[in-house]
Asks: 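I have a structure I would like to understand better, so I am pasting it below and will then ask my questions one at a time.
Everything quoted here is computed from the prediction, not taken from an experiment.
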Amino acid sequence: MNAFVQSNAAQDTRLLVEVEELSGQNLYACYQCGKCTAGCPLAFSMDILPHTIIRLMQLGQVERALSSKSPWHCAACLTCSSRCPKGVDLARVMEALRVLLIRSGKAPIQVFQLPVELAAQLPQQAAVSALRKHSG
């Protein structure tokens, strides 16, 4: 195995541990039944389905999961978590992925850089919801 592949594997292992620590979830508990995806009201808009996000991380492809738009589409409605027969709280995993992206500066939107005109037009609930999703 060359040095580049080893460094990427080490990076993905570190990120996997960080996701598990931030979320408090054991990602290896998931056995890919797909109930989380079946119940997700926003799965249709995700580029990588919820259960596949977990699978990517189980396979050590954390960077691929982080490059997905799916964590930003997650509404954190907890439908996935309530359906999981193994008790994996996927909403917390998605939140952990968002936190890692915000900390690394790779978040798709910088909330505090919104134009003042746009921020003034947002209903208060929209602003609070957006800030919740983009806080790290």
Asks: So which atom in Ala43 and which in Leu49 form the shortest heavy-atom distance, rounded to 0.1 Å?
Replies: O-CD2, 3.8 Å
Asks: Indicate if Ile48 and Leu66 have the same hydrophobic cluster label, given that clusters are the connected sets of ILVMFWY residues with side-chain heavy-atom separations under 4.5 angstrom.
Replies: yes
Asks: Of Cys74, Pro50, Ser45, Cys77, which is the lone residue that meets side-chain contact (heavy atoms from CB on, under 4.5 Å) with Cys40?
Replies: Pro50
Asks: Answer yes if Met94 and Tyr28 sit in the same cluster of Ile, Leu, Val, Met, Phe, Trp and Tyr residues linked by side chain heavy atoms under 4.5 Å apart, and no otherwise.
Replies: yes
Asks: What's the separation between atom CG in Leu90 and atom CG in Leu97, rounded to the nearest 0.5 Å?
Replies: 9.0 Å
Asks: Between atom CG of Leu78 and atom SG of Cys80, what is the distance when rounded to the nearest 0.5 Å?
Replies: 6.5 Å
Asks: With rounding to the nearest 0.5 Å, note down the distance linking CD in Glu63 to CG in Leu16.
Replies: 12.0 Å
Asks: Looking at every non-hydrogen atom in both residues, tell me the closest pair between Ala91 and Ala76 and how far apart they are.
Replies: CB-CA, 4.2 Å
Asks: Rounded to the nearest 0.5 Å, what's the gap from NE2 on His73 to CZ on Phe44? Could you check?
Replies: 9.0 Å
Asks: Take Val62 and Glu18, measure what side-chain contact (heavy atoms from CB on, under 4.5 Å) needs, and give me the verdict at the end.
Replies: CA-CA 10 Å; Val62 181; Glu18 198 166 354; over 6 Å; no
Asks: Grouping I, L, V, M, F, W and Y whenever their side-chain heavy atoms are under 4.5 Å apart, do Leu22 and Met57 come out in a common cluster?
Replies: yes
Asks: Closer than 3.5 angstrom, by distance alone: can the side chain of Gln32 be matched with the main-chain N or O of His51 as a donor-acceptor pair?
Replies: yes
Asks: Return the minimal non-hydrogen interatomic distance between Ser68 and Ser70, and the atom names on each side.
Replies: OG-N, 2.9 Å
Asks: Is there a donor-acceptor contact under 3.5 Å from the side chain of Asn26 to the main chain of Glu20?
Replies: no
Asks: Can you see which heavy atom on Lys35 is nearest to which on Pro85, and at what distance?
Replies: CD-CD, 4.2 Å
Asks: Please assess Arg92 against Glu95 for the test salt bridge (Lys or Arg N to Asp or Glu O under 4.0 Å), listing each intermediate value before the final yes or no.
Replies: CA-CA 5 Å; Arg92 291 183 71 181; Glu95 178 70 18; over 6 Å; no
Asks: Main chain of Asp89, side chain of Gln25: is a donor-acceptor contact present, judged purely on distance under 3.5 Å?
Replies: yes
Asks: Among the clusters formed by ILVMFWY side chains lying less than 4.5 Å apart, do Met46 and Val19 turn up in the same one?
Replies: no
Asks: Give, for atom CD1 of Ile53 and atom CD of Gln61, the distance between the pair rounded to the nearest 0.5 Å.
Replies: 11.0 Å
